[in-house]
Each structure stands twice: as C-alpha cells, then as structure tokens.
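Note that the numbering runs from 1 along the sequence shown for the chain.
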Amino acid sequence: PSATSSNGGPSGRCTCSEKSVKAYRSKLSGPLLDRIDMYVEVQSLNYGELSGDTPRGECSADIQKRVNAARLIQQKRYSGSGIQNNAQISSTLIRSYCNLDSAGEKLMENAFNRLGLTARSYDRLLRVARTIADLAGEENISPVHLAEAIQYRAYDFSV
C-alpha cells in the first residue's frame, strides 16, 4: 500500500495517509449520515478530460427539461395537500406514494439487512427512488429506480 491516499486524484495534491482519511471520516456520526439522502463520490478530472472534445454526457438544457417535468408530476401528485415535492412526504404518507412491487420489496429487504439501514434511511431511500422514477417519467417505482437510490446510500465512509 502506498503512503498517500488514492483519494487525492490525479493532481496528487492530497498526501493524506489512508489512516488519516479513515480517522477523519470516522468523525461523521451515524445519526448525521442518516440525515443525508445521497452520497456521491466524484472523481477529479485531469486537464485533458476537461479540455478535450470528448462528449461530457447529457447537456444542461435536457436535464432541466427532465427536472421541470418531474416537478410538474410532483405538483400534480400532491395538489391540495400542502406538499410541494417528494422530499416533503411524511413517514406516514410514504406508503401511499412510494409503493414497491414484490421485486422491489425483496431488493429493499436485502439492502436494509446488508447496509444496516434505519427507519429514517428506509424512508429516505423511498423518497429518492420516487424522485428517480419521476425523472424517468414513470408512474411506479421499479426495482431499477430503487437500485439507483440504494447505490446513493451505499457509500463506505470507513475507507
């Protein structure tokens, strides 16, 4: 193992040891992490990746269209309830708006047991999966939407 962390990216600016990184991450408490909906690790890019002619993925205008469509879906869904978006669904209402089919239930059960999820993180997963389904223009949460939401919760803070 190298004396420097692989978390420093291609620039090599971070020279923290793995032990130092683990010690820093261990300061984040479980209850605090439980209140975060998504954990996304973003790798740094080198100059060539930033300056090249390589396609970078979906353009902002297309993303904005999908987000606006998802917001409209949510406004219609929650019309008259005082709820504006999926993030505001209470734990008691979550079962009404975030139903899973049997495959989704099995996937959730496996994730719950494997990741040591709490009631709070269970609800957060359902809200994120509901939003992913809305962004896809889907009425129901499918196992694919749930799997994506689980991926955002499965970050390992011990590494």
Distance-minimising heavy-atom pair for [X] and [Y]:
X	Y	result
I150	A111	CD1-CB, 3.5 Å
R153	S121	NH2-CB, 3.3 Å
N86	R77	OD1-NH1, 3.1 Å
I89	Y78	CD1-OH, 2.9 Å
I141	N99	CB-O, 4.0 Å
L146	G104	CD2-O, 3.3 Å

Next on the checklist: Is there a side-chain contact between T131 and N85 in this structure, where contact means two heavy atoms from C-beta onward sitting under 4.5 Å apart?
Outcome noted: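 Counting from C-beta outward, T131 and N85 never come under 4.5 Å.
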Item to check | Min side-chain heavy-atom separation R127-I94 under 4.5 Å | outcome: yes
Checklist entry - Can a salt bridge be assigned to the pair D123 and R95 using a cut-off of 4.0 Å between side-chain N and carboxylate O? => result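 Salt bridge: yes.
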Next on the checklist: Please determine whether a side-chain nitrogen of the Lys or Arg among D134 and R130 lies less than 4.0 Å from a carboxylate oxygen of the Asp or Glu.
Outcome noted: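 Result for this pair is yes, salt bridge flagged.
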Next on the checklist: If you count every heavy atom of other residues, nucleotides or ligands that lies below 6.0 Å from Q64 atom CD, does the total exceed 12?
Outcome noted: no
Give the cluster check for [X] versus [Y]: same hydrophobic cluster or not, with ILVMFWY residues linked at side-chain heavy-atom distances below 4.5 Å.
X	Y	value
F112	L125	yes
L117	L126	yes
L135	I63	yes
L115	L100	yes
M108	V144	no

Gap between atom [atom2] of [Y] and atom [atom1] of [X] - 0.5 Å precision:
X	Y	atom1	atom2	answer
K65	C59	NZ	SG	7.5 Å
I83	L93	CD1	CG	5.0 Å
H145	C98	NE2	SG	12.5 Å
I132	E138	CD1	CD	12.5 Å

